[in-house]
Amino acid sequence: MSYAAEPYAQFVDDLLSALTGGDVREQFRFLPEAAPYKLAASAAVLPGSLRVVGQVDGSFFRFRPQTDFALAADNSIAWRELDGRPAKDASWPDEGSVFYAAYERADAQRLLTDRNVGSVTRLLAESFAREFAVLSRQLEAVYRAGFVATAEGRDLDQLALLVGVQRRRRLAASGSVVFARSTPAPGDVTIDGGTRLSTADAPAMQFETTEDRTLQRGNLSVEVPVVALEPGAAGVVAAGAIRVVNRPILGIDSVANPQPTRFAGADESDDALRARVQRAHEGAGLATTGALLSALTTLPGLREKDVRIAEDYLAHPGVVKLTVALPEAASDSERAASVAQAVALIERTRPVGVRIEHDIDAPLPPGSATPGAGVVADDDDVPASLGVADPGLKFLPVDVNVELTPATLALAPEARAELQRLGADAVEAFIAEAGIGEALVYNRLVARLMALPGVLDVALELWPQNDPGSPRRRNLLLDNPTVRPVAGVVDVQIGGSLIMLDLTVDFTLQGAGLLGDPATAREVARSEAATRLKDGVAALATGAVLSPALLKNMVPATATYTLTDLHYQAEFVDAGVRLHQQDVQLPLSGLERLWIRRVSLAGSL
């Protein structure tokens with residue numbers, strides 16, 4: 001059931017029709033088995049008088065004659081369709097909703113006929129219609145106030161009280177705390193909104209985090225906003241007073257507020273309160289898969305996509321299979337504590353008489369997994385990589401090779417190192433976001449790398465570590481829905497290293513080249529050789545070794561000249577130092593860009 005307020009104009013039309021002999025508010029329910037929707041009128045219905053209103057997408061809608069519906073010869077409403085679906089540009093009522101029809105009969109007895117503006121009939125209709133419209137809006141507000149997703153303000157406050165949640169007022173002191181650890185985090189550590197903290201000195205004052213924050217891998221600390229659970233001056237505490245985490249967070253060593261808490265900000269927003277109420281709903285009940293998921297996601301760093309719950313009522317009645325990919329732990333003792341906490345949460349939440357088969361204590365992968373032979377076609381019919389892991393393991397390492405082409409060729413060493421770090425972080429974050437059984441979409445990773453500042457182009461390869469021979473430029477799909485991809489070897493290279501070449505060439509003229517001016521012939525030979533050299537270095541393959549002999553072979557002898565001597569001065573950056581070397585031999589890795597800046601004749605200035 002849903003309710004949508006009707007506008008003032010609709011009430012005016014219905015009241016005028018009813019007062020002047022029309023039939024209004026004839027009710028139908030839009031269901032396939034209810035068709036045909038035949039009007040109750042025994043006589044003919046006046047053409048053009050049929051009006052139909054109802055709901056589309058939960059909102060009031062006035063349907064259009066001849067576009068959405070038509071009046072059939074048997075006085076039934078025929079909805080325009082094409083192969084059982086709405087015709088082009090046609091709208092149908094929401095399935096299961098009620099729609100209403102109003103019309104005029106040809107044989108109607110009319111005691112009142114004056115519908116003109118200013119008439120008594122219209123004045124009465126408009127007066128009552130205004131009251132009906134106001135009441136309709138009020139009823140819609142009452143309907144919306146009964147649901148957490150649509151309630152607002154005071155109505156949402158009342159719904160929140162049903163689950164023991166109160167809106168945080170500006171009378172409660174607020175501030176921020178810093179969650180920290182002594183060593184860089186080996187993985188992302190999530191601090192959930194609603195985490196309880198308290199002061200170390202008596203009487204203890206409790207605080208609660210207001211947002212979800214993550215201590216990123218490799219970082220030492222993260223700042224999180226907090227608010228006092230009790231209103232009043234007691235929530236104003238000095239800097240460093242908040243030092244206790246009521247429920248320890250795996251991967252967090254300490255917490256402290258760098259600044260005193262104070263009265264600031266505004267009341268908690270409806271969206272924030274609604275999110276807290278929904279979290280309370282998820283965790284309030286027991287003996288459901290939703291309760292299991294809600295309980296497990298209270299573990300630090302564990303996301304919903306890291307938990308997979310499977311039930312087969314026919315094959316395995318009374319058994320729930322649970323796959324959990326616990327976050328990385330800094331030590332074996334921390335992992336053991338996390339495993340024990342997860343098992344305790346399952347036992348506390350599971351239904352009585354239902355057996356939970358979980359793999360929380362399964363071993364971590366020592367390295368690569370067993371290769372698989374299956375392939376799954378992408379949209380372009382090119383096979384994707386299909387990663388297969390050992391049955392006893394839950395993680396499939398994924399190796400990634402990335403070549404980033406910067407928008408600026410001559411990058412400073414610091415900028416090059418920063419771009420390389422950003423690329424590696426983007427790849428690792430992309431894989432870390434994947435959940436159990438989730439595919440790695442090639443184009444999404446490319447888009448994320450292209451969004452990095454200063455990146456002009458991306459070349460990307462990713463493949464399961466256990467199958468290096470699989471296609472490397474396609475999506476990575478997992479044939480086992482209980483396996484989660486994790487980052488393996490991530491190699492990020494910065495392409496576009498600029499090597500500038502200043503060449504000096506000499507020629508021996510022959511044949512027709514000896515007939516004219518020698519200087520002119522040598523200049524023609526130099527121009528032709530420059531073109532051949534520029535085309536040649538652009539086509540050099542990876543693995544070639546830049547040398548005078550290699551460049552000399554790019555200019556074959558002609559009928560008028562032969563290239564007899566070639567030398568070059570190379571200018572490039574190595575280990576942050578700009579070098580100028582004569583005829584240096586450089587192995588090409590494919591990341592360099594060769595640019596012939598100048599080609600001069602030997603002996604010329």
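Computed from a predicted structure; not experimentally measured. These values consider heavy atoms only, across backbone and side chains, with no hydrogens, waters or symmetry-generated copies.
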Could you tell me whether the side chains of [X] and [Y] share a donor-acceptor contact shorter than 3.5 Å?
X: S76; Y: D74; value: yes
X: S136; Y: Y3; value: yes
X: D212; Y: T190; value: no

Kindly compute the distance separating [atom1] ([X]) from [atom2] ([Y]), expressed to the nearest 0.5 Å.
X: R247; Y: D192; atom1: CZ; atom2: CG; answer: 10.0 Å
X: N246; Y: Q206; atom1: CG; atom2: CD; answer: 5.0 Å
X: H316; Y: E311; atom1: NE2; atom2: CD; answer: 12.0 Å

Of T195, T210, L197, which meets side chain to side chain contact (heavy atoms under 4.5 Å, CB included) against V226?
->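 The residue from T195, T210, L197 that satisfies side chain to side chain contact (heavy atoms under 4.5 Å, CB included) with V226 turns out to be L197.
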Steps toward side chain to side chain contact (heavy atoms under 4.5 Å, CB included) verdict (D94, D57) = CA-CA 6 Å; D94 294 339; D57 295 332; 4.3 Å; yes
Is a side-chain donor or acceptor of N219 paired with a backbone partner of S221 at a separation under 3.5 angstrom?
->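 Checked: no pair found.
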Is the gap between the ring centers of F61 and F63 under 6.0 Å?
->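 Close enough - the centres of the two rings lie under 6.0 Å apart.
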So the side-chain hydrogen bond (donor to acceptor under 3.5 Å, both in side chains) pairs with at least one residue in residues 19-45 (sequence neighbours excluded) are E6-R25, T20-R115, D23-R105, E26-Y103
Using a strict cut-off of less than 4.0 Å between a Lys/Arg side-chain nitrogen and an Asp/Glu carboxylate oxygen, indicate whether R444 and E433 qualify as a salt bridge.
->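 Answer for the salt bridge query: no.
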Pairing of R274 and D271 as salt bridge, 4.0 angstrom limit = yes
Close side-chain approach of F28 and L39, heavy atoms under 4.5 Å | yes
